[in-house]
J.: 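One structure, pasted below without further comment.
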Amino acid sequence: MTDFTTPPYLLLERSSVRRVMLQVLAALLPGIAAYVWLIGPIILVQLAIATLAALAGEALMLGVRRQPRGLFLTDGSAIVTAWLIALAFPPMAPWWLIVVGTLFAIVVAKHLYGGLGQNPFNPAMVAFAACIVSFPALMSQWPALGLTLTLTLSEQLQIIAGLASRVDVMSGATPLDALKTALKLGDGELDVPTLLATQEVFGHFAGRGWEWVTSGYLLGGLWLWQRRIIAWHAPLGFIAGLSLLAGVLWLWQPQQFASPLFHLFSGGTLLGAFFIVTDPVSGCTTPKGKLIFGFSAGLLAYTIRVFGGYPDGVAFAVLLLNLCVPLIDMYSQPPIFGLKNEK
Amino acid sequence: MLRRLFNFKGGVKPQTYKAPSVQAPIGLAPVPSRLFVPLHQNIGGVPNPLVEVGEQVLKGQLIGGADGWVSAAVHAPTSGVVLAIEKHVAAHPSGLPTLTVVIEADGRDQWMTRTPVDHRSLAPERVREILRDAGVVGLGGAVFPSHAKLTAAKAVAMDELVINGAECEPFMTCDDLLMRERAEEIVRGSTIFRDLLGARRVLIGIEDNKPEAVAAMQEAVRRLAVDYEVVAVPTRYPAGGAKQLIRVLTGKEVPASKRSTELGVQCFNVATVYTAYRALAHGEPVISRIVTLTGNVLQPRNWEVRLGTPLRDFAALGQPKADTSNYLMGGPMMGFEVPSLDAPVVKATNCLIAGSPALFPPSPPEMPCIRCGACADACPHELQPFELYWFSRARNFGKTQEYHIFDCIECGCCSYVCPSHIPLVQYFRFAKSEIWAREREKNAADAAKARFELRNARDEREKAEKAERLAKAAAARTAEKKAAAAEAGAAGADAPPSRPASPADPVAAAPALDAEAIKKATIVAAMERARAQRAAVQPRNTDQLTAEQQKEVAAVEARRAASPAETAPPAQPVVVREGEPDQP
Ligand code: SF4
Ligand code: SF4
């Protein structure tokens, strides 16, 4: 239906899908920079692997579905998915895990549902959930920080290539997991403040080192909001939901529950808040809906993270909420011009 | 000037491109040797031709009489001879021909006798008639007959009369120049409209990117010692949409289901007000208008052009550059590409833009909707354009109505910002015209059904009557036979079997027959009445349309039905443009 005879004849020049996606990628850079500083350039290798896998999967599926490759391969959406996967997966994950996850996201979660704009579930989160269910051990091995940097890049490369394994490096867990496990093992004798103060996996206000990575995501997210690429509703709702639950429990039993601040800067909270629950395709579209979506996902994420069996709950929370999007959207339609006082 | 302004949500700020065409004052376009005056230049009834081929006409002479109340007259733009009354390509996206009076100018440009009137000395009804017969319509582009908008609602006091000089479409400067040069006439025209509506206040809204126009209007208001407020409103497209301007100046939001007079406000474009003043105070009907000629031309400028001037002659005045590829009529946001330069300037022509590939590059390829919501943020009517788009695509037209597709003013803000470059407005027009088409079909089907039932009833009745007649005749014959037999028995002779009934028979049978027929007819009539009542209470459409919406639909339908492109989906024009509310 597009041709010259279609008004408006003026279009906003800076507006295109590619531009939107490029800005999302740019917003990830502060977090990536902190990541590199924390763990070395290996994360860039993982990003590259994911990107290549995503583009390959995209090219393949576009071919199968007879869609114009030139148009869609360059729209940047597959790269966003790829980067989110690389950042959400453990940094020392073997290369094939990243490839499998990315291909699953692109081929199944995106294209089998109809491609760009059609997928009801967030592809990166589908990949994360699928992999953590299928390869729970690999997905839960996070490098113990402080040790990783002692590895050279080539050693790191060998690890992700599956040629070497350094148990000392790989035995770590995420700070969230560490806390949960320690509390379980301690059986009531250990309390959160002591743990946080004594274990070296914890830093100033969250996981050691990770707190800066997540701060980077926060920075990028705020920039996206300032550029009006994302609205404030979903991130704020998400942060509010998660903090509310964390705060209530923390105030109730500070010995047993970590502070909201810890939870905010740990795990996938901020990546999720600014880059996952803001995904326009699989998220809600109305302002009220975005708030509800974010808030509920925040509550769920906290619940799964603290009481569930997985190290983090963002992915499952988001997927569950993705299911509810049509319903939330339907019941949160904003009143229109001139009809605000009716009904 | 210290009025509190309200905000409307959404809107966009495209580059304005207005500067080139405001350098020169309004020029007087030469009268072409041949003019093509379409009879239908307004929303509503198509005027009837009142002249004949070969007839001599004077400038300003009525050549098309208003057809009904919602219609407006058409006049000869100059003196000359009627060459033909024939179908000619129209200034319309479809380019389908419409009935047009072709006038060969005699070069004398001789006026008919004009009779100026003072509107205060006439009954308001009479003033409205004069406006109708002078062909005064909304010149912002909507061309709705103005007199039909000049009646206040009975139950609601008329608070504000809004005069629209916002002119928010890029490129367009005809209202700007009109206000700069003819401010006093505009103010005087506003007084006429204020009196007709009994409005308490007059607010003249002008976008703040036109300081000269604001100053000129303020000066005129001061000179004429009236208490009208000239208000500079923030520049943001579509601030010149009637509903947006009303919102900004008064805080009132007029939904599609209501007339603005029901909220005590009415809005007219400055050019409309100007022509109304000329019509009354000078007795001059609408035979010309100010048109911006700009874009890819060497001499961008505003011209006062006679209606009926072929666009080719008009465009030549601007000296289009060599790489001009096409022309837009109206602004780039809501206008359309002119199908042929043979089409004439009409009342709806506010702007002609010469286009080039550099000025209007073709739209990038359409991508799938990523539900980013940019369109919803930009929509001044706070709709969810992407939902409307999904439903239109899926041909789920009931849902589009639930999501208020008829509140969409087709301003194009959503398409303007869409990162996927989806021609959203196009989809909405398509959905709207499909809905109208279905309504029409449904109405036609209902009518056919009614006709069918009526005929059935009549057949039944006739059959019954016939049977009755036969029975009577048979009875009469038997009686006769008996009588004859008796007679024959008495006289010893056979009665001929085919003997016509005695003259007394029909007379005897007739009253009975009539009584039956009357009874049946009464039943049929009662059935008809019931059906009519049912039709009256039942919504025209089974979808959830309010009565007002239906009214609106009917009105727009009328204007589409009247428009020549009715059969050319989906690229239908909807010329609801800045300045003119779109309701009857
Ligand atoms: S702006 Fe375009 S891509 Fe974004 S939601 Fe609207 S229609 Fe979809
Ligand atoms: S064209 Fe309709 S839907 Fe789009 S912005 Fe304008 S009013 Fe809203």
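Throughout, a chain's letter reflects where its sequence line sits, starting with A, and its residues are numbered from 1. Model, not experiment: these values are computed from the prediction.
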J.: Can you tell if the side chain of A:Ser16 reaches within under 4.5 Å of the side chain of B:Met367, non-hydrogen atoms only?
T.: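 No, their side chains stay 4.5 Å or more apart.
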J.: Tell me which pairs pass side-chain hydrogen bond (donor to acceptor under 3.5 Å, both in side chains) where either residue lies in residues 224-233 of chain A, with sequence neighbours left out.
T.: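 Qualifying pairs, neighbours excluded: A:Gln23-A:Arg227.
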J.: Taking all non-hydrogen atoms of both residues into account, name the closest pair between B:Ser420 and A:Val17 and its distance.
T.: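 Heavy atoms of B:Ser420 and A:Val17 come nearest at OG-CG2, 3.3 Å.
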J.: Around atom CZ of B:Phe391, are there more than 12 heavy atoms from other residues, nucleotides or ligands closer than 6.0 Å?
T.: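 Count over threshold, so yes.
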J.: Tell me, for B:Cys418 versus chain A, whether the close heavy atoms (under 4.5 Å) come from the side chain, the backbone, both or neither.
T.: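 Answer is backbone: N, CA, C or O of B:Cys418 sit under 4.5 Å from chain A.
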J.: Output all residues satisfying salt bridge (Lys or Arg N to Asp or Glu O under 4.0 Å) with A:Lys290, sequence neighbours left out; order by chain, then residue number.
T.: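 Residues passing salt bridge (Lys or Arg N to Asp or Glu O under 4.0 Å) with A:Lys290: none at all.
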J.: Rounded to the nearest 0.5 Å, what separation is found between the SG atom of B:Cys408 and the CD1 atom of A:Ile336?
T.: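 The SG atom of B:Cys408 sits 10.0 Å away from the CD1 atom of A:Ile336.
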J.: Is the backbone N or O of A:Gly338 less than 3.5 Å from a side-chain atom of B:Glu253, with the two atoms forming a donor-acceptor pair by type?
T.: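 Looks like yes, one N/O pair under 3.5 Å.
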J.: Check each atom of A:Val20 against the heavy atoms of chain B and say whether the ones under 4.5 Å are side chain, backbone, both or neither.
T.: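 Answer is side chain: those atoms of A:Val20 sit under 4.5 Å from chain B.
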J.: Which atoms form the tightest heavy-atom contact between A:Pro8 and B:Gly412, and what is the distance?
T.: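 For A:Pro8 and B:Gly412, the tightest heavy-atom pair comes out as CG-O, 3.6 Å.
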J.: Determine whether B:Lys243 and A:Phe337 satisfy the following criterion, side chain to side chain contact (heavy atoms under 4.5 Å, CB included), listing intermediate values before the conclusion.
T.: CA-CA 9 Å; B:Lys243 292 178 181 192; A:Phe337 182 91; 3.9 Å; yes
J.: Determine yes or no for a side-chain-to-main-chain donor-acceptor pair under 3.5 angstrom, with A:Tyr9 supplying the side chain and B:Leu328 the backbone.
T.: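 No, the answer is negative, given that no donor and acceptor are paired below the 3.5 Å cut-off.
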J.: Taking all non-hydrogen atoms of both residues into account, name the closest pair between B:Val417 and A:Ser15 and its distance.
T.: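 Between these two residues, the closest heavy atoms are O-OG, 2.7 Å.
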J.: Under 4.5 Å heavy-atom distance to chain B, tell me which part of A:Pro335 shows up: side chain, backbone, both or neither.
T.: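 Contact with chain B is through the backbone of A:Pro335 alone.
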J.: Nearest 0.5 angstrom please: A:Leu10 CG to B:Met333 CE, how far?
T.: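 A:Leu10 atom CG to B:Met333 atom CE measures 6.5 Å (nearest 0.5 Å).
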J.: Within the supplied structure, the quantity of interest is the number of heavy atoms (other residues, nucleotides, ligands) at a distance under 6.0 Å from A:Tyr113 OH; does it exceed 12?
T.: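 No, not enclosed.
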J.: To the nearest 0.5 angstrom, please state how far the CG atom of A:Leu339 sits from the NE2 atom of B:His404.
T.: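 Output value for this atom pair is 6.0 Å.
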J.: State plainly whether the residues B:Arg371 and A:Asp329 are in salt-bridge range, i.e. N to O under 4.0 Å.
T.: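 Result for this pair is yes, salt bridge flagged.
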J.: Does atom NZ (B:Lys252) have a neighbourhood of more than 12 heavy atoms from anything else shown, all under 6.0 Å?
T.: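 Yes - once you tally the heavy atoms of other residues, nucleotides and ligands closer than 6.0 Å, there are more than 12.
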J.: What's the spacing between A:Gln333 CD and B:Leu383 CG if we round to 0.5 Å?
T.: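 Rounded to the nearest 0.5 Å, the CD-CG separation comes out at 10.0 Å.
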J.: Let me confirm one number: the SG-CG distance from B:Cys369 to A:Leu116, rounded to the nearest 0.5 Å.
T.: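 The distance works out to 9.0 Å.
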J.: Can you name the closest pair of heavy atoms from A:Thr285 and B:Glu387 and give their distance?
T.: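 Residues A:Thr285 and B:Glu387, closest heavy atoms: OG1-OE2, 4.0 Å.
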J.: Contact part of B:Pro170 toward chain A, heavy-atom cut-off under 4.5 Å: side chain, backbone, both or neither?
T.: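 Contact with chain A is through the side chain of B:Pro170 alone.
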